[in-house]
Amino acid sequence: MKKKTIKEILKDSEGLVGKEIDVKGWVRTRRGNKNVQFVALNDGSTINNLQIVFDLSKFSEEELKSITTGSSIHVKGELVASQGAGQSVEVLARELEIYGTAPADYPLQKKGHTMEFLREKAHLRPRTNTFGAVLRIRHALAYAIHKFFNDKGFFYFHTPLITASDCEGAGAQFQVTTLPLNELPKTEEGAIDYSKDFFGKMASLTVSGQLEGELGATALGQIYTFGPTFRAENSNTPRHLSEFWMIEPEMAFYEIEDNMDLAEEFIKYCVSYVLEHCYDDIKFLNDHFDHDLIERLKFVVDNDFVRLSYTDGVKILEDSGKKFEFPVSWGIDLASEHERYLVEEHFKKPVILTDYPKEIKAFYMKLNDDGKTVRAMDVLFPKIGEIIGGSQREENYEKLMARIDALGLEGMEWYLDTRKYGTVPHSGFGLGFERLVQFVTGMQNIRDVIPFPRYPKACEY
Ligand code: 4AD
């Protein structure tokens, strides 16, 4: 008999009624009386459990007592139409094999644990309904992303995780070194002698694959990266991780408008994909945590994103009469409260904000003719704030060189070569994968959409 997952059994339940079933999984609950016991079995393939019915004339009470919540079992029996409400089919157990019991100290006994409690048990939380749903949705989103770009003729381009360059220039990098920290080699001037380090120079974990991605795009035309990125900012917020995954498409011959079109199409595709393929999981999250979730997801798919300039956005904020914690004026880096005001209160729609002051954006963004703003674009989402950051890139060698010089960046010759040899207009953006998963699942905290979150003072497992 071919082994089937519970998802497959439930999907084809009509066809399987009357047939012998072989199923393995973890016990979610057991209830019943002296004559019959019901076990809700889950194998992770779906949010839905399969009910197993144990007739106590065939199984000893003692044996059944040991299959507590969290135990792992193997059952063979006939699939029959269910007598009870709540499920259409159930398995009448004929054979039971117990792989492992879970003693009474199993931490996931009752329903309704807090997210904080579950974060402390992150090694077991994938076994809960909530995290099972989130992790299946996370997988589906990753698959949808590859499918979206592959179908459009983009190439998946692998950029390095260990790098000697700093893409965003924010100085929030984790250093990679094999130097003895208690006995650092020094140069004659007293500085750390990185020529003695593993790579012969200072190296770090990447904050973004973009700069290397641009090398790919100016050769293959359209590429995307999808990998982990690392930021050593001391940001203890529900939207920041120290290790997160980022998707960074980079396209030759794309102006900022093409970039915005792609970003909007891309997010809508991802959201539609999970609505279609993960409906059970989304519905579970909608019913248990966030009753507007499905409505919000459909709204994003069905409506055009608002597009406006930073300057116009700042004007709306200034005219709003609202008392923000951080006062608004032209030139400030918008805080989450400002972004959320525009999206949730003013427009009530996702917003793409463009043309930011050059001082608050990275060196590689294309300078506008006004000399003050750059062709940046941030996509702002309800509940999340910034979900995408991107721009048209500066393709003019002299202008880029001037920015690099002004900021004192070194070792950028390889990057400048893309502008020196056959430069082209090009654009790209970065989508924070966990922020997308957060939006799609409605989870309040980004630490709950990645299996093993890393944030300041937290690096377990
Ligand atoms: O806006 P960011 O810093 O842009 C870049 O890194 C560019 N190189 C992207 C590009 O143009 N190719 O980051 C992009 C996105 C943000 O919009 C946000 O969704 C996410 O990455 N992000 C984070 N997600 C979780 N934790 C953090 N600490 C994040 N920092 C950024």
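Indexing begins at 1, ligand by ligand and atom by atom, following the structure's order. Throughout, residue positions are numbered sequentially from 1 according to the sequence presented.
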- Going by the 4.0 angstrom heavy-atom rule, the piece of Q438 near ligand 1 is neither
- The atoms of ligand 1 lying under 4.0 Å from a heavy atom of G432, numbered in the order shown, are 15 (C), 19 (O), 20 (C), 21 (O)
- Do NZ/NE/NH1/NH2 and the carboxylate oxygens of D302 and K298 come within less than 4.0 Å? no
- Query: Does H240 reach ligand 1 with a nitrogen or oxygen that is under 3.5 Å from one of the ligand's nitrogen or oxygen atoms?
  - Reply: no
- Please identify which atoms of ligand 1 are closer than 4.0 Å to at least one heavy atom of Y364. 7 (C), 8 (N)
- Message: Regarding D287 and K283, does a basic nitrogen lie under 4.0 Å from an acidic carboxylate oxygen?
- Response: yes
- Can we say D378 and K361 salt-bridge, meaning some charged N sits less than 4.0 Å from an Asp/Glu carboxylate O? yes
- Return yes or no for this condition: an N or O of S391 is under 3.5 Å from an N or O of ligand 1. no
- Query: Has ligand 1 got any nitrogen or oxygen that is less than 3.5 angstrom from a nitrogen or oxygen of I387?
  - Reply: yes
- Item | Atoms of ligand 1, numbered as shown, that sit under 4.0 Å from any heavy atom of R393 | 10 (C), 11 (O), 12 (N)
- ligand 1 to G389, heavy atom cutoff 4.0 Å, flagged ligand atoms 1 (O), 9 (C), 10 (C), 11 (O), 17 (O)
- Message: Does any part of the side chain of R375, heavy atoms only, come nearer than 4.5 Å to the side chain of S391, both counted from C-beta?
- Response: no
- Message: Does only the side chain of R231 get under 4.0 Å from ligand 1, or the backbone, or both, or neither? Count heavy atoms.
- Response: side chain
- Item | For E386, the ligand 1 atoms whose distance to one of its heavy atoms is below 4.0 Å | 1 (O), 16 (C), 17 (O), 19 (O)
- Indicate yes or no: does D43 engage K24 in a salt bridge with an N to O separation below 4.0 Å. no
- Run the salt-bridge test on R419 and E398 with the 4.0 Å N-O cut-off and return the result as yes or no. no
- Message: Looking at E265 and K152, is there a salt bridge between them, counting it only when a charged N and a carboxylate O are closer than 4.0 Å?
- Response: yes
- K4/D12 ion pair, N-O < 4.0 Å: no
- Lys/Arg-Asp/Glu bridge criterion (N-O < 4.0 Å) met for R393, E250: yes
- Message: Tell me whether G390 reaches ligand 1 (any heavy atom closer than 4.0 angstrom to a ligand atom).
- Response: yes
- Message: If the cut-off is 4.0 Å to any non-hydrogen atom of E248, which atoms of ligand 1 fall inside it?
- Response: 7 (C), 8 (N), 9 (C), 10 (C), 12 (N)
- Query: Has ligand 1 got any nitrogen or oxygen that is less than 3.5 angstrom from a nitrogen or oxygen of V207?
  - Reply: no
- Using a strict cut-off of 4.0 Å, indicate which atoms of ligand 1 neighbour a heavy atom of R239. 25 (C), 26 (N)
- Structural part of I388 in contact with ligand 1, heavy atom criterion under 4.0 angstrom: backbone
- Is the NZ or CZ atom of R435 positioned over F381's six-membered ring, under 6.0 angstrom from the centre and within 45° of the axis? no
- Query: How does F429 reach ligand 1, by side chain, by backbone, by both or by neither, if only non-hydrogen atoms under 4.0 Å count?
  - Reply: backbone
- Note on the structure: A student checking ligand 1 against L241 at a 4.0 Å heavy-atom cut-off should list atoms 25 (C), 26 (N), 27 (C), 28 (N)
- When the ring planes of Y273 and Y143 are compared, do they come out parallel, tilted or perpendicular, using 30° and 60° as the limits? tilted
- Looking at ligand 1, does R435 have a heavy atom less than 4.0 Å from it? yes
